[in-house]
Amino acid sequence: MAKILRRDHGLQIDHLGLCVPDTQAGIAEIEKRTGARVFIDDPEPGQWYWSGVIPIAADSYLEIVGPNPHFHAKHPMRTLTEQLSGPTVFFWYIATDDIEGLAQQAKQAGAVIENIEWVNTDDAHPEHSRYGRAFLGPGFVPQKPCVIQWDRHVLRKGVEGATPECEIVSLDLSHPTADAANQAMEKMGIDARLNPGPSRFRLEIACPKGNVVFDNPGWN
């Protein structure tokens, strides 16, 4: 049976995606608001995005995601992020030790793990992460978790051994289809629950400058 991994803060949250229209400017804004350092490396090869992270536990992160200036092809997510007015909670991930096994458990729960994609599977470079990723369907509802299976997780330079400066206080998720999503997640052993109502994210983190809240509609 596939495991859903519980991180050091006690929650089934591997990382959360906070998207910004410009990566460098967005990271500067987040550092100013939180008082915490954002760790950033060069963009992953061939990816539309460029991101940095704030550790919120020894093995869990707030990922600040923006466009990769070296990626010139069209990509819908790049287009979406460039149109944002400011930092926006876009998605969140749980981690599993067996994404294919979790897909079978989702099927038994009346749900589906969609768009399983393996990234950098043939990349032997020791500084490049390798992983599988997908999302909990049917259909993409950003309040439902995305799923990741780490084959090789390479941390940003400086992150290993760094004491997390921020910690998660709460993640509140709302969506009109909450009841159906909650039934499937409960059967799968996923702790999170969605509140019935308009599509929305509310994330609160405790930081050196005090508690910081990101509150925004979910995107469609």
Side-chain angles (χ1 to χ4, degrees), residues 7 9 11-44 47-57 59-71 74-95 129 133 135 140-148 155-159 162-175 192 194-195 197-220:
R7 298 313 195 186
H9 44 44
L11 304 174
Q12 294 173 333
I13 296 176
D14 183 84
H15 65 282
L16 303 123
L18 186 69
C19 289
V20 294
D22 179 282
T23 306
Q24 289 178 299
I27 283 175
E29 178 182 347
I30 297 301
E31 288 185 327
K32 183 177 180 180
R33 287 178 65 177
T34 63
R37 177 184 174 185
V38 176
F39 296 86
I40 185 168
D41 289 338
D42 293 334
E44 284 189 58
Q47 297 295 329
W48 67 267
Y49 60 85
W50 185 20
S51 68
V53 298
I54 294 177
I56 53 176
D59 50 6
S60 184
Y61 306 92
L62 177 63
E63 183 176 17
I64 297 88
V65 184
N68 176 1
H70 305 296
F71 184 88
K74 290 184 178 180
H75 193 286
M77 283 294 292
R78 180 189 172 103
T79 301
L80 278 171
T81 57
E82 289 176 331
Q83 294 173 349
L84 295 174
S85 59
T88 302
V89 185
F90 249 55
F91 56 83
W92 67 286
Y93 271 83
I94 58 175
S129 292
R133 63 187 176 193
F135 60 83
F140 183 72
V141 174
Q143 287 86 346
K144 292 192 291 187
C146 298
V147 182
I148 195 161
L155 301 178
R156 305 300 200 284
K157 290 182 178 65
V159 170
T163 300
E165 296 180 280
C166 297
E167 62 181 27
I168 187 167
V169 175
S170 61
L171 175 64
D172 296 313
L173 310 158
S174 301
H175 196 269
L194 278 58
N195 300 310
S199 178
R200 196 156 200 92
F201 282 93
R202 185 185 185 279
L203 170 66
E204 183 174 356
I205 54 175
C207 304
K209 286 191 174 181
N211 285 19
V212 177
V213 173
F214 301 98
D215 190 348
N216 55 264
W219 61 282
N220 190 343

Checklist entry - Between the side chain of R78 and the main-chain N/O of N68, is any donor-acceptor distance below 3.5 Å? => result yes
Next on the checklist: Any side-chain to backbone donor/acceptor pair from S60 onto D14? Under 3.5 Å, distance only.
Outcome noted: yes
Next on the checklist: Atom CD of residue position Q24 - does it have more than 12 heavy atoms of other residues, nucleotides or ligands inside 6.0 Å?
Outcome noted: no
Checklist entry - Is the backbone N or O of H9 less than 3.5 Å from a side-chain atom of E167, with the two atoms forming a donor-acceptor pair by type? => result no
Next on the checklist: Determine whether a donor-acceptor pair (N or O, by modelled atom type, separation under 3.5 Å) exists between the side chain of W50 and the backbone of D41.
Outcome noted: yes
Item to check | F140 ring center near W219 ring center (under 6.0 Å) | outcome: yes
Next on the checklist: If I compare all heavy atoms of V212 with all of C207, which pair ends up nearest, and what's the gap?
Outcome noted: CG2-SG, 4.0 Å
Item to check | Spacing of L173 atom CG and N195 atom CG [to the nearest 0.5 Å] | outcome: 7.5 Å
Item to check | Nearest heavy-atom neighbours spanning L84 and V20 | outcome: CD1-N, 4.1 Å
Next on the checklist: I'd like to know if the side chain of K144 and the backbone of F135 have a donor-acceptor N/O pair within less than 3.5 Å.
Outcome noted: no
Item to check | Chi angles and distances behind the side chain to side chain contact (heavy atoms under 4.5 Å, CB included) call for R156, E63 | outcome: CA-CA 11 Å; R156 305 300 200 284; E63 183 176 17; 3.7 Å; yes
Checklist entry - Short question: side chain of S170, backbone of I168 - any donor-acceptor pair under 3.5 Å? => result no
Checklist entry - Is the side chain of Q12 donor-acceptor paired with the backbone N or O of A192 at a distance under 3.5 Å, no angle test? => result no
Checklist entry - Which atoms form the tightest heavy-atom contact between G158 and A162, and what is the distance? => result O-CB, 3.5 Å
Checklist entry - Do N216 side-chain atoms and V89 backbone N/O form a donor-acceptor pair below 3.5 Å? => result yes
Next on the checklist: Let's go through I148 and H15 carefully: what are the C-alpha distance in whole Å and the side-chain angles of both, what is the deciding distance for side chain to side chain contact (heavy atoms under 4.5 Å, CB included) to 0.1 Å, and is it a yes or a no?
Outcome noted: CA-CA 10 Å; I148 195 161; H15 65 282; 4.2 Å; yes
Checklist entry - So Q143 and S199, side-chain hydrogen bond (donor to acceptor under 3.5 Å, both in side chains) or not? Walk me through it. => result CA-CA 8 Å; Q143 287 86 346; S199 178; 2.7 Å; yes
